[in-house]
A.B. asks: 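Next up is a structure, given as structure tokens.
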Amino acid sequence: MNRLKLWLLINTFFITIITTQTLLAQNQIPTTLDGPFKPVTRRFDPSLRRGSDDLPMNHPRLKRNATSNFPEQISLAISSPTSMWVSWVTGEAQIGSDVIPLDPASVASEVWYGKESGKYVSRGKGNSTVYTQLYPFEGLSNYTSGIIHHVRIDGLEPGTKYFYKCGDSSIPAMSEEHVFETLPLPSPNAYPHRIAIIGDLGLTSNSSTTIDHVIVNDPSMILMVGDLTYANQYLTTGEKGAPCYSCAFPDAPIRETYQPRWDGWGRSAVFFICKSTSCFRRIGITNCNPDPKTVYNSQATGTLVAKLGGNKLTVFSLLFMEPLISSSPMMVIEGNHEIELQVSGITFKSYLTRYAVPSVESGSNSNFYYSFDAGGIHFVMLGAYVDYNSTGAQYSWLKQDLNQVDRAKTPWLVAAWHPPWYNSYSSHYQEFECMRQEMEALLYQYRVDIVFSGHVHAYERMNRVYNYTLDPCGPVYITVGDGGNIEKVDVDHADEPGNCPSAGDNIPEFGGVCHINFSSGPADGKFCWDKQPEWSAFRESSFGHGILEVVNSTYALWTWHRNQDIYKDDSHGDQIYVVRQPELCIASTLEGGGKPEDGGGLTNEAADLLARWTWFAASIEMLTVAVIWTSFY
């Protein structure tokens, strides 16, 4: 009997191995183990427009549906594995020469929540504030916001659905019921369902298509890597925004903004298609019926009309961001379009006031950079528009945060900031080279797995790289600044004739200029390559967004979805399994920072050899366990 059990175990083991390999072959999804890949460029589709205008503020989709002190622009953000931030706006913003701020104390900040619809056994109270955007120039309009509320609700159980309302019960002015599901606790075996990555979104027709597509993909969390509303593409009088601010408004005394764009972004309406009723439930429509003749009426979201039968439902007049970010937490980081300079040199007022982030919880005490856990992933959100030097507060915090990461609990380490370090497009080429030189070694030392950025309005995925050199232990850098904003998609590559920027181009809006010529490889001595760089694996000029699905402690599926594919089933612009190799790339805490020249990196040949040996050793170990097990039974 023991021999039979052993035979069955051995056969089951090898059948599992063969089946896994067969499935991977059938799916034909590459992995980073197959890299480094030969660089590929997919040219801009000339049948598509490079961009579209912003939706005007008088468009029906941007109207304010809430009345009096009822909540609108409801959003969520992760505070900790057992707590969540709930944010919203009440009252009407004001714009004009003389604006009087609303009194934040006039409306309470309450959240009622519980595990059953209509039964709110817990209560949370928080704080409220307003902000102003003031300009010391004649003829420019000032702005004061509605009352912005932030409430932290805690004691939440992981992987649990919660129903909630927010507002002021004494008026009464409570929102309709919304629903969210908490993420799993930090663990190597538990991960968010899907994570949407969006950059440089804006509020154009293309932006709407991006959000349509995101909702179809039903994420459990959103990572917004900067440049949200593009309110600074306008004069303070509103009117029409411009793709090029300095071209359209050369006489503007300051980089003006039209702050109501922030309000429109938080509540605007959009058309989208749901593949199933599950995404309706995701955005809080719990009485969903797949009957295409059903009409859903909702005070919070407007009228929803299911238009098509089959397995797709077309929905009209649904709010833009609110239905998504009131049910799935959105984690934001600042971009250059959030700077918004005003009187007395004040900057970033909208960004800092409107959205809650776990800065205190992660020890940074700054909304410009912070960290958080989402299941078995530790996220580090960095600020490119505050001091990033190795002698500064952000660097010191980052070093301490990375040092505290327990890879046994959170095997995956993901970083995000707005401007990319690795970028082969002409736009923003080497713009934040100073930041790379200050911080890259630290991220490499602690073996960051993936880095997400925006800023460049196109898509690009890199081979694993460190210090412009292919390295199997370097992060996979991905640029997703293609959300659909008014500035249009970038199409020029720095390695193509006539497109290499000059030394005076791409000056950052913060920090110094550290443009360099490459010191090794095919581009030795040059500022630009004369072909697509070897570290650029794939690039395409199209609008879209990304979805990260972590499978286990070593495999994560990355998919980039193009906007033009929204009506196609199971389509994508780019897809790859990112594979961690902890047995190869053990984090080095030496002073050398694990740099290749210090022995921290491995050649491709050595990496492949060690990977093969590790697989063989694991197989032997499993067979040994099987033999020991049969000896007892």
A.B. asks: Can you find a heavy atom in the side chain of Glu540 that is under 4.5 Å from one in the side chain of Trp560?
C.D. replies: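 Yes, close enough: below the 4.5 Å cut-off.
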A.B. asks: May I ask you to decide if Leu201's main-chain N or O and Ser207's side chain share a donor-acceptor pair within less than 3.5 Å?
C.D. replies: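 Checking the backbone N and O of Leu201 against the side chain of Ser207, a donor-acceptor pair under 3.5 Å is found.
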A.B. asks: Could you please spell out the steps behind the side chain to side chain contact (heavy atoms under 4.5 Å, CB included) verdict for Gln133 and Lys349?
C.D. replies: CA-CA 8 Å; Gln133 188 80 13; Lys349 198 64 175 179; 4.2 Å; yes
A.B. asks: Got a sec: does the CG of Asn127 have more than 12 other heavy atoms crowding it under 6.0 Å?
C.D. replies: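 No - once you tally the heavy atoms of other residues, nucleotides and ligands closer than 6.0 Å, there are 12 at most.
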A.B. asks: Under a 3.5 Å cutoff, is there a donor and acceptor pairing between the side chains of Thr209 and Asn206?
C.D. replies: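 Judged by distance alone, the side chains do not pair up.
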A.B. asks: Short question: side chain of Gln233, backbone of Ile486 - any donor-acceptor pair under 3.5 Å?
C.D. replies: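 No, Gln233 side chain to Ile486 backbone: no donor-acceptor pair under 3.5 Å.
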A.B. asks: Roughly how far apart are Leu134 CG and Ser141 OG, rounded to 0.5 Å?
C.D. replies: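 Going from CG on Leu134 over to OG on Ser141, the span is 11.5 Å.
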A.B. asks: Restricting to non-hydrogen atoms, name the atom on Ala356 and the atom on Ser87 that form the minimum distance, rounded to 0.1 Å.
C.D. replies: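 Closest approach of Ala356 to Ser87, heavy atoms only: CB-OG, 3.9 Å.
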A.B. asks: Going by atom types alone, do Asn485 and Tyr230 pair a side-chain donor with an acceptor below 3.5 Å?
C.D. replies: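 Note: Asn485 and Tyr230 side chains meet the donor-acceptor criterion.
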A.B. asks: His515 and ring-ring contact (aromatic ring centres under 6.0 Å, His included): which partner among Phe432, Tyr429, Phe527?
C.D. replies: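 For His515, the ring-ring contact (aromatic ring centres under 6.0 Å, His included) test succeeds with only one of Phe432, Tyr429, Phe527, which is Phe527.
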A.B. asks: Side-chain contact test, heavy atoms from C-beta onward, threshold under 4.5 Å: evaluate it for Ile516 versus Arg436 and give yes or no.
C.D. replies: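 Yes, close enough: below the 4.5 Å cut-off.
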A.B. asks: Just by distance, do the side chain of Thr559 and the backbone of Gln575 share a donor-acceptor pair under 3.5 Å?
C.D. replies: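 No, Thr559 side chain to Gln575 backbone: no donor-acceptor pair under 3.5 Å.
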A.B. asks: For the pair Glu496 and Arg43, find out whether any cationic side-chain nitrogen is under 4.0 Å from an anionic carboxylate oxygen.
C.D. replies: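 Arg43 and Glu496: salt-bridged.
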A.B. asks: Can you tell if the side chain of Ser366 reaches within under 4.5 Å of the side chain of Val386, non-hydrogen atoms only?
C.D. replies: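 A side-chain contact under 4.5 Å is absent here.
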A.B. asks: Could you give me the CA-CA distance, side-chain angles and deciding distance for Ile74 and Ser175, then say whether side chain to side chain contact (heavy atoms under 4.5 Å, CB included) is met?
C.D. replies: CA-CA 9 Å; Ile74 303 169; Ser175 71; 3.9 Å; yes
A.B. asks: Answer yes if the side chains of Glu338 and His418 hold a donor-acceptor pair under 3.5 Å, and no otherwise.
C.D. replies: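 Short answer, no.
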A.B. asks: To the nearest 0.5 Å, what is the distance between CD (Glu72) and OG1 (Thr90)?
C.D. replies: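 OG1 of Thr90 is found 8.5 Å from CD of Glu72.
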A.B. asks: Please verify the inter-ring angle class for Tyr355 with Trp265; under 30° counts as parallel, over 60° as perpendicular, anything in between as tilted.
C.D. replies: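 The arrangement is perpendicular - the two ring planes meet at more than 60°.
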A.B. asks: Please state whether the rings of Tyr477 and Trp421 are parallel, tilted or perpendicular, taking 30° and 60° as the class boundaries.
C.D. replies: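 Taking Trp421 first and then Tyr477, their aromatic rings sit tilted (interplane angle of 30° to 60°).
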A.B. asks: Which pair of heavy atoms, one from Val465 and one from Glu440, lies closest together, and at what distance?
C.D. replies: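 Closest approach of Val465 to Glu440, heavy atoms only: O-OE2, 4.4 Å.
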A.B. asks: Would you mind reporting whether Trp535 and Tyr468 have side-chain heavy atoms less than 4.5 Å apart?
C.D. replies: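 Sidechains of Trp535 and Tyr468: in contact.
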A.B. asks: Does Thr479 reach the main-chain N or O of Ser453 with its side chain, forming a donor-acceptor pair under 3.5 Å?
C.D. replies: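 Checking the backbone N and O of Ser453 against the side chain of Thr479, no donor-acceptor pair under 3.5 Å is found.
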A.B. asks: Any side-chain heavy atom of Tyr422 within less than 4.5 Å of one from Glu460?
C.D. replies: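 Side chain of Tyr422 against side chain of Glu460, heavy atoms only: no contact under 4.5 Å found.
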A.B. asks: If you measure from the Lys or Arg side-chain nitrogens to the Asp or Glu carboxylate oxygens, is any gap between Asp45 and Arg562 under 4.0 Å?
C.D. replies: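 No, no charged N to carboxylate O under 4.0 Å.
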A.B. asks: If you round to the nearest 0.5 Å, how far is CG of Leu76 from CG of Leu324?
C.D. replies: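 Between Leu324 CG and Leu76 CG, I get 10.0 Å after rounding to 0.5 Å.
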A.B. asks: Decide whether Ser350 and Gln259 meet the rule of one side-chain donor and one side-chain acceptor closer than 3.5 Å.
C.D. replies: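 Yes, Gln259 and Ser350 have a side-chain donor paired with an acceptor closer than 3.5 Å.
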A.B. asks: For the residue pair Thr229 and Tyr258, confirm or rule out a side-chain donor-acceptor distance under 3.5 Å.
C.D. replies: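 Per modelled atom types, Thr229 and Tyr258 side chains form no pair under 3.5 Å.
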A.B. asks: Does the Glu361 side chain pair with the main chain of Tyr370, one donor and one acceptor, at a distance under 3.5 Å?
C.D. replies: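 Checked: no pair found.
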A.B. asks: Go through the steps for Asn336 and Asp227 under the test side chain to side chain contact (heavy atoms under 4.5 Å, CB included), then give the verdict.
C.D. replies: CA-CA 7 Å; Asn336 56 300; Asp227 284 3; 3.1 Å; yes
A.B. asks: Of all heavy-atom pairs between Asp495 and Ser424, which one has the smallest distance, and what is that distance?
C.D. replies: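 That would be OD2-O, 3.8 Å.
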A.B. asks: Using atom types as modelled and distance alone, determine if a side-chain donor or acceptor of Asn423 lies under 3.5 Å from a backbone N or O of Ser427.
C.D. replies: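 Yes; judged by distance alone, with no hydrogens or angles, the pair exists.
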A.B. asks: May I ask you to decide whether Arg42 forms a salt bridge with Asp574, counting only side-chain N to carboxylate O separations under 4.0 Å?
C.D. replies: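 So Arg42 does not pair with Asp574 through a salt bridge.
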A.B. asks: Are any side-chain N or O atoms of Thr204 and backbone N or O atoms of Ser52, one a donor and one an acceptor, separated by less than 3.5 Å?
C.D. replies: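 Not a single qualifying donor-acceptor pair exists.
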A.B. asks: Within the distance-only criterion (no hydrogens, no angle test), does the side chain of Arg152 pair as donor or acceptor with the backbone N or O of Ser79 below 3.5 angstrom?
C.D. replies: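 The answer is no, because no donor-acceptor pair under 3.5 Å joins these two groups.
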A.B. asks: Working to the nearest 0.5 Å, report the span between CD1 of Ile333 and CG of Leu228.
C.D. replies: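 Result: 10.5 Å between the selected atoms.
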A.B. asks: Any non-hydrogen side-chain atom of Met221 less than 4.5 Å from a side-chain atom of Phe372?
C.D. replies: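 They are in contact (side-chain heavy atoms under 4.5 Å apart), so the answer is yes.
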A.B. asks: When the ring centroid of Tyr395 is compared with that of Tyr369, is the distance short of 6.0 Å?
C.D. replies: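 Not close enough - the centres of the two rings lie 6.0 Å or further apart.
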A.B. asks: Does the distance from a Lys or Arg side-chain N to an Asp or Glu carboxylate O, for Arg255 and Glu509, drop under 4.0 Å?
C.D. replies: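 Salt bridge: no.
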A.B. asks: Report yes if the side chains of Ser326 and Trp88 come closer than 4.5 Å at any heavy-atom pair, otherwise no.
C.D. replies: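 SC-SC contact between Ser326 and Trp88 ruled out.
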A.B. asks: Hey, are the side chains of Glu256 and Phe249 touching, using non-hydrogen atoms and a 4.5 Å cut-off?
C.D. replies: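 Not in contact.
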A.B. asks: Please name the pair of heavy atoms, one in Pro533 and one in Arg539, separated by the smallest distance, quoted to 0.1 Å.
C.D. replies: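 Heavy-atom minimum between the residues: CD-NH1, 4.3 Å.
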A.B. asks: Identify the heavy atoms of Trp397 and Ser362 that sit nearest to each other, and give their distance.
C.D. replies: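 Closest heavy-atom pair between Trp397 and Ser362: NE1-O, 3.0 Å.
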A.B. asks: Of the options Leu443, Leu398, Val448, which is the one that meets Val380 in a side chain to side chain contact (heavy atoms under 4.5 Å, CB included)?
C.D. replies: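 It is Leu398; the other options fail the test.
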A.B. asks: Is there a side chain to side chain donor-acceptor pair (under 3.5 Å) between Glu340 and Trp262 once you walk through the steps?
C.D. replies: CA-CA 12 Å; Glu340 298 186 331; Trp262 281 90; 2.9 Å; yes
A.B. asks: For the residue pair Asn232 / His337, report whether a side-chain donor-acceptor contact shorter than 3.5 Å exists.
C.D. replies: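 Yes, side-chain donor-acceptor contact under 3.5 Å.
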A.B. asks: How far apart are the closest heavy atoms of Leu102 and Gln94, and which atoms are they?
C.D. replies: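 Closest approach of Leu102 to Gln94: CD2-NE2, 3.9 Å.
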A.B. asks: For the pair Val513 and Cys434, evaluate side chain to side chain contact (heavy atoms under 4.5 Å, CB included) and give the outcome as yes or no after the intermediate values.
C.D. replies: CA-CA 6 Å; Val513 176; Cys434 291; 5.5 Å; no
A.B. asks: Please step through salt bridge (Lys or Arg N to Asp or Glu O under 4.0 Å) for the pair Asp53 and Lys240, ending with a clear verdict.
C.D. replies: CA-CA 9 Å; Asp53 291 337; Lys240 187 175 182 179; 3.3 Å; yes
A.B. asks: Determine whether a donor-acceptor pair (N or O, by modelled atom type, separation under 3.5 Å) exists between the side chain of Trp417 and the backbone of Pro419.
C.D. replies: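 Judged by distance alone, yes, a pair lies under 3.5 Å.
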A.B. asks: Say you draw a straight line from CE of Met331 to CD1 of Ile195; how long is it, rounded to the nearest 0.5 Å?
C.D. replies: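 Going from the CE atom of Met331 to the CD1 atom of Ile195 covers 11.0 Å.
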A.B. asks: How long is the gap from CD1 on Ile346 to CD1 on Ile339, to the nearest 0.5 Å?
C.D. replies: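 So the gap between those two atoms works out to 15.0 Å.
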A.B. asks: Donor-acceptor pair, Gln394 side chain versus Asp387 backbone, under 3.5 Å?
C.D. replies: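 Confirmed, Gln394 side chain pairs with Asp387 backbone.
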